[in-house]
Amino acid sequence: MKNFISFLLVILWGSMPLFSQSPYFKDSDDWLRKAEACKPALIYTDCMPVTVVKSVKDDATFQGWRMEDVGETDVLFSESLKKHSGIILDFGQHLTGYLTFALKTLGGATADAPIRLKFTFAEVPGELNTSFDPYHGGLSRAWLQDETITLMNVPVRQTINRRVSFRYLRIDVLGASSYDFAFSDITFRAQSSVSAMCDTGLAETTDPLIKRINEIGLLTLKECMQTVYEDGPKRDQRLWIGDLYLEALANAYSYKQHDLTKRCLYLLGAAADEEGLLHATLMEYPEPHPQEGQHCLDYSLIYNIALLEYVKTTGDKLTANDLWPVVVRQIEFALRQYSSDMIYDMHKQPVYWLVFDWKDGYDRQASMQGLTILALNKSYELARLLGKENGVKDWPRIAEKMKKAARKYLYDREQGVVVSGDSKQVSYLSQAWMVLSETLSLKEGIKAMRNVLAMPDACYPGCPYGYHYVMEALLKCGMNEEARRLLVDYWGGMVKDGADTFWEVYDPNDDTLSPYGFFPVNSYCHAWSCTPVYFINKYPDVFQR
Ligand code: RAM
């Protein structure tokens with residue numbers, strides 16, 4: 001009887017909609033099914049630690065710490081772990097997955113008491129050498145990857161049941177009895193939905209640093225390609241629209257797993273709120289569900305652009321036709337935020353969270369104006385591709401009005417730059433978005449980009465996400481030398497600072513910058529940082545000569 005009830009519950013659960021709110025889009029359930037049909041299988045690879053390392057304090061290195069090799073890993077298996085408490089293992093590369101270990105007693109001893117071990121996983125050396133407590137970070141302390149485990153018996157075999165992302169692992173013995181013990185196995189099962197690093201085949205002439213940037217970008221993307229495009233495999237381990245867009249761009253020039261892009265677009269569409277506004281982010285477990293109430297209006301518009309790019313890359317108009325109502329709805333939401341003189345009103349209720357970049361003090365008004373114009377035009381392009389332009393005839397006209405308004409209120413002709421907000425702030429991103437939306441003419445765009453790059457006080461981006469759009473704008477202006485320099489200085493700066501994968505946040509002037517008030521909780525393998533793969537492969541004349 002009990003079994004029958006469980007069976008019924010499973011059947012009922014299986015047929016229940018996955019989201020609690022009533023869906024705005026009538027086909028949401030179907031979209032979820034389509035998303036599930038595209039769910040990729042994960043590919044697993046077993047990895048062993050490569051070497052034992054020690055942390056060395058070195059102020060000349062990133063965050064003040066580097067690792068130095070100290071020897072082979074056989075001590076793990078032959079010598080008492082009590083002698084090696086605090087040992088640091090280097091797995092040689094960034095990995096995402098699960099650790100399994102087994103312990104044995106040494107010298108014929110019989111275990112007479114439990115053992116307590118602490119495993120601390122870290123993506124970068126600084127993370128391993130900064131005390132986590134007392135914790136003052138803005139995000140959950142539980143994101144930090146330290147796990148304490150008590151083993152009641154030895155021999156024992158155990159898998160740590162939390163997925164981690166790391167390169168370095170420190171093992172501390174917190175409690176032990178008089179008997180000696182060692183590892184008999186320590187294996188990390190790494191996972192991704194793409195198998196090997198793909199070879200994008202760069203020209204022979206490519207600068208070695210640019211080759212390395214491409215490789216690191218590919219690895220970053222691979223680590224984030226799980227059963228959705230995750231933003232970071234350490235944190236937040238979930239799908240965000242902004243990250244999805246940039247991952248899909250890089251994927252189109254590398255792994256070409258277009259079904260993953262399709263899956264994410266459907267999931268997000270199905271997870272829109274009861275009025276049809278997209279949630280900026282969603283989680284997959286235990287069932288796909290949005291982070292309730294988490295909306296970013298810029299990400300909603302980026303969704304439209306991502307869908308257009310997906311169709312242009314794959315020719316899959318069926319998916320775009322399905323999701324077309326989502327596109328229309330996001331535009332409607334954005335237009336409501338405009339004043340009668342067609343300027344984005346930062347104070348109009350509801351006041352939306354705009355991402356664009358993590359950077360204190362950055363004024364997002366001009367960026368949002370530019371993005372809306374771009375999204376209107378790109379969404380119209382999608383409408384034309386789908387033969388739906390008659391229903392949205394007014395979009396190009398609205399975009400033109402917004403451009404006019406932007407040129408009137410946000411363009412400082414004398415200085416030759418776009419300004420934003422009451423303080424008339426000059427930022428890299430305000431220029432970039434006005435270039436990308438073609439609000440500035442080519443000549444004005446070149447001037448604005450040149451000017452901003454030369455202004456020591458201009459507000460520059462804090463993250464690779466922001467720099468992605470600066471790169472796009474430079475390339476659109478034909479400023480190839482400047483684009484190349486930005487790639488080499490910024491992403492190359494991370495390489496020189498020892499990056500195995502590209503970081504969520506990087507400001508060459510501040511190693512410990514964190515939007516969350518505590519740099520160890522930053523993600524050091526972050527999706528939105530992988531786009532050199534897209535740039536290097538899309539523009540061989542600029543980056544491979
Ligand atoms: C953070 C993550 C994620 C980003 C959001 C807006 O939580 O870095 O990648 O998209 O912010």
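Side-chain atoms are counted along with the backbone in the values below, which use heavy atoms only and exclude waters and symmetry mates. Note that ligands are numbered from 1 as they come in the structure, with each ligand's atoms numbered from 1 the same way.
Nearest to atom 3 (C) of ligand 1 among the protein's heavy atoms is D231 OD2, 3.4 Å. Among protein heavy atoms, the minimum distance from atom 1 (C) of ligand 1 is reached at Y516 OH, 3.4 Å.
When each atom of ligand 1 is checked for a heavy atom of D243 under 4.0 Å away, the hits are 3 (C), 4 (C), 9 (O), 10 (O). For ligand 1, the atoms closer than 4.0 angstrom to any heavy atom of W358 are 1 (C), 8 (O), 11 (O). In the vicinity of Y299, heavy-atom distances shorter than 4.0 Å reach the ligand 1 atoms 4 (C), 6 (C), 10 (O). Close approach to E504 involves these atoms of ligand 1, each under 4.0 Å from a residue heavy atom: 1 (C), 2 (C), 8 (O). Of all atoms in ligand 1, numbered sequentially from 1 with element shown, those under 4.0 Å from a heavy atom of H526 are 2 (C), 3 (C), 8 (O), 9 (O). Near R235, meaning under 4.0 Å from any of its heavy atoms, are these atoms of ligand 1: 1 (C), 2 (C), 7 (O), 8 (O).
With hydrogens and angles left out, the side-chain atoms of S367 and Y469 include no donor and acceptor closer than 3.5 Å. Using modelled atom types and a 3.5 Å distance limit, the side chains of H279 and Q291 yield no donor-acceptor pair. With hydrogens and angles left out, the side-chain atoms of E284 and T227 include a donor and acceptor closer than 3.5 Å.
Geometrically, ligand 1 and W528 share no nitrogen or oxygen pair separated by less than 3.5 Å. Below 3.5 Å of separation, one finds no N or O of W353 facing any N or O of ligand 1.
When non-hydrogen atoms are compared, ligand 1 lies under 4.0 Å from the side chain of D236 (C-beta onward) but not from its backbone. Contacts between F356 and ligand 1 below 4.0 angstrom, taking non-hydrogen atoms only, are absent altogether. The proximity of Y465 to ligand 1, defined as any non-hydrogen pair under 4.0 Å, does not occur for either the backbone or the side chain.
Note that K234 lies outside the cation-pi zone of F166, set by a 6.0 Å cut-off to the ring centre and a 45° limit from the axis.
Between K34 and D322, at least one side-chain N (NZ, or NE/NH1/NH2) sits under 4.0 Å from a carboxylate O, which counts as a salt bridge.
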Report task. Check the pair S523 / E504 against side chain to side chain donor-acceptor pair (under 3.5 Å), numbers first and verdict last. Result -> CA-CA 5 Å; S523 156; E504 173 186 22; 4.7 Å; no

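None of Y465, Y516, Y467 except one satisfies the ring pair (Phe, Tyr, Trp, His ring centres under 6.0 Å) rule with W358; the exception is Y516.
The aromatic rings of Y245 and H468 stand perpendicular to each other, their planes meeting at an angle above 60°, with 30° marking the opposite boundary. Ring-plane geometry between Y299 and W240 is classed as perpendicular, the angle between the planes exceeding 60 degrees on a 0 to 90 degree scale with a lower cut at 30.
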